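Below is one structure, written out as structure tokens; the observations come after it.
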Amino acid sequence: MIKFVLMVNRQGQTRLSRYYQPVELSRRAALEADVVRCCLSRKKEQCSFVEYKDFKLVYRQYAALYIVVGVSDSENELSIYELVHNFVEVLDKYFSRVSELDIMFNLDRVHIILDEMIQNGHIVETNKSRILAPLTALDKMTDC
């Protein structure tokens, strides 16, 4: 099961966070800082899967952004690694070469995309067209 998804830049600033299990607000900042420190300190040659406390971290770097997913020990790391890649491909398709600024200024749309892919910590959709269908409908309504 997916516990959380984080998107952070190289400076460690969180650009997106979505939790699928309750975490107290007071603990979130410390958890995010520790997780980001753990992933950012690793070399490119090192594996993108990290054992961390009572769960695993799967992360992937795209340009200046890192996407970090916290998963339970029973989750398949490679499927999550592919999910991260699929998420970035969907963002690229929607934003035409997604950047950190696109994420910052369209956070609501990024959350819609993520919510179409993951619900209650489980992957529910991977088809790019179906994931983007609600946003395409929203964009058509706002263009009218």
Side-chain angles (χ1 to χ4, degrees), residues 1-139 142:
M1 184 173 152
I2 298 171
K3 295 176 180 259
F4 60 83
V5 176
L6 300 175
M7 191 179 289
V8 297
N9 63 15
R10 283 192 187 128
Q11 289 75 39
Q13 299 167 316
T14 302
R15 296 300 179 205
L16 169 113
S17 66
R18 169 67 98 208
Y19 289 85
Y20 298 100
Q21 288 188 334
V23 177
E24 296 172 24
L25 284 174
S26 58
R27 287 194 49 226
R28 282 187 186 187
L31 173 70
E32 289 175 18
D34 201 26
V35 163
V36 168
R37 202 175 312 110
C38 178
C39 293
L40 290 173
S41 66
R42 295 174 62 84
K43 296 180 179 130
K44 280 194 177 217
E45 303 85 40
Q46 289 181 294
C47 182
S48 295
F49 312 142
V50 181
E51 295 286 332
Y52 178 82
K53 296 189 180 178
D54 60 338
F55 52 90
K56 292 184 275 192
L57 301 175
V58 178
Y59 71 94
R60 201 160 180 171
Q61 180 183 0
Y62 290 93
L65 290 174
Y66 286 82
I67 299 172
V68 183
V69 182
V71 297
S72 61
D73 286 331
S74 61
E75 193 69 49
N76 183 334
E77 298 98 337
L78 287 175
S79 68
I80 300 300
Y81 195 70
E82 265 313 301
L83 173 75
V84 170
H85 184 67
N86 192 40
F87 176 55
V88 171
E89 284 182 336
V90 172
L91 292 174
D92 270 342
K93 186 174 180 181
Y94 184 73
F95 291 110
S96 303
R97 302 277 303 149
V98 68
S99 69
E100 186 175 349
L101 288 175
D102 290 325
I103 291 161
M104 289 171 57
F105 293 119
N106 298 287
L107 196 58
D108 57 334
R109 297 189 180 273
V110 177
H111 274 283
I112 290 170
I113 290 169
L114 194 58
D115 290 344
E116 286 296 314
M117 295 178 78
I118 305 169
Q119 291 179 2
N120 295 327
H122 299 284
I123 301 167
V124 292
E125 187 61 72
T126 58
N127 182 291
K128 293 175 188 71
S129 299
R130 285 194 221 136
I131 292 167
L132 290 175
L135 283 177
T136 305
L138 274 174
D139 290 344
T142 56

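Nothing here was measured: the structure is a model prediction, and the numbers come from that model.
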Would you mind writing out the side-chain donor-acceptor pairs for residues 113-120 within the sub-3.5 Å range, not counting sequence neighbours?
residue : atom : partner : partner atom : Å
Asp115  : OD1  : Arg18   : NE           : 3.2
Asp115  : OD1  : Arg18   : NH2          : 2.7
Asp115  : OD2  : Arg18   : NH2          : 2.8
Gln119  : NE2  : Asp115  : O            : 3.4

Less than 4.5 Å apart, any side-chain heavy atom of Val35 and any of Val8?
no
Partners of Arg28 by side-chain hydrogen bond (donor to acceptor under 3.5 Å, both in side chains), sequence neighbours excluded?
none
For residues 55-76, which residue pairs pass the salt bridge (charged side-chain N to carboxylate O under 4.0 Å, His left out) check, not counting sequence neighbours?
Lys56-Glu77
What residue pairs, at least two apart or across chains, pass salt bridge (charged side-chain N to carboxylate O under 4.0 Å, His left out) with a residue in residues 93-105?
Arg15-Glu100
Apply side chain to side chain contact (heavy atoms under 4.5 Å, CB included) to the pair Phe87 and Asp92, showing each step before the final yes or no.
CA-CA 9 Å; Phe87 176 55; Asp92 270 342; over 6 Å; no
Work out which heavy atom in Tyr59 is nearest to a heavy atom in Cys39; give both atom names and the distance.
CD2-SG, 3.6 Å
Distance-minimising heavy-atom pair for Arg42 and Phe49:
NH2-O, 4.1 Å
Taking ring pair (Phe, Tyr, Trp, His ring centres under 6.0 Å) as the test, write out the residues that go with Phe105, two or more places apart.
none
What pairs of residues pass the ring-ring contact (aromatic ring centres under 6.0 Å, His included) test when at least one of them lies in residues 110-129, not counting sequence neighbours?
none
Taking side chain as C-beta onward, heavy atoms only, is Ile80 less than 4.5 Å from Ile2?
yes
Taking the side chain as every heavy atom from C-beta outward, state whether Ile103 and Val98 have any atom pair closer than 4.5 Å.
yes
Which residues pass the side-chain hydrogen bond (donor to acceptor under 3.5 Å, both in side chains) test with Ser72, sequence neighbours left out?
Ser74
With ring-ring contact (aromatic ring centres under 6.0 Å, His included) as the rule and sequence neighbours excluded, what pairs involving residues 1-40 come up?
Phe4-Tyr19, Phe4-Phe55
Taking ring pair (Phe, Tyr, Trp, His ring centres under 6.0 Å) as the test, write out the residues that go with Tyr66, two or more places apart.
none
Note: Leu57 and Gly70 closest approach over all heavy atoms is CD2-CA, 4.2 Å
Asn9 side chain to Gln13 main-chain N or O, any donor-acceptor pair under 3.5 Å?
yes
With Ser79, which residues qualify under side-chain hydrogen bond (donor to acceptor under 3.5 Å, both in side chains), at least two apart?
none
Under the rule for side-chain hydrogen bond (donor to acceptor under 3.5 Å, both in side chains), what residues qualify as partners of Thr14, not counting sequence neighbours?
Glu32
Leu6 side chain reached by Leu16 side chain, heavy atoms, under 4.5 Å
no
Would you mind reporting whether Val58 and Glu82 have side-chain heavy atoms less than 4.5 Å apart?
no
Of all heavy-atom pairs linking Cys38 and Val50, the shortest is SG-CG1, 3.7 Å
Non-hydrogen side-chain atoms of Leu132 and Val90 separated by less than 4.5 Å
yes
Closer than 3.5 angstrom, by distance alone: can the side chain of Arg10 be matched with the main-chain N or O of Ala63 as a donor-acceptor pair?
yes
Between Val36 and Gly12 the two heavy atoms that sit nearest each other are CG1-CA, 3.7 Å
Contact list for residues 126-136, test salt bridge (charged side-chain N to carboxylate O under 4.0 Å, His left out), sequence neighbours left out:
Glu89-Lys128, Glu125-Arg130
So which atom in Pro134 and which in Ile131 form the shortest heavy-atom distance, rounded to 0.1 Å?
CD-O, 3.3 Å
To the nearest 0.5 Å, how far apart are CG in Leu31 and OG in Ser17?
10.0 Å
Do you see a donor-acceptor pair shorter than 3.5 Å between the side chains of Tyr94 and Asn106?
no
Pairwise side-chain contact, Val71 with Lys3, heavy-atom cut-off 4.5 Å (strictly under)
no
Exam field: side chain Asn86 to backbone Thr126, donor-acceptor pair closer than 3.5 Å:
yes
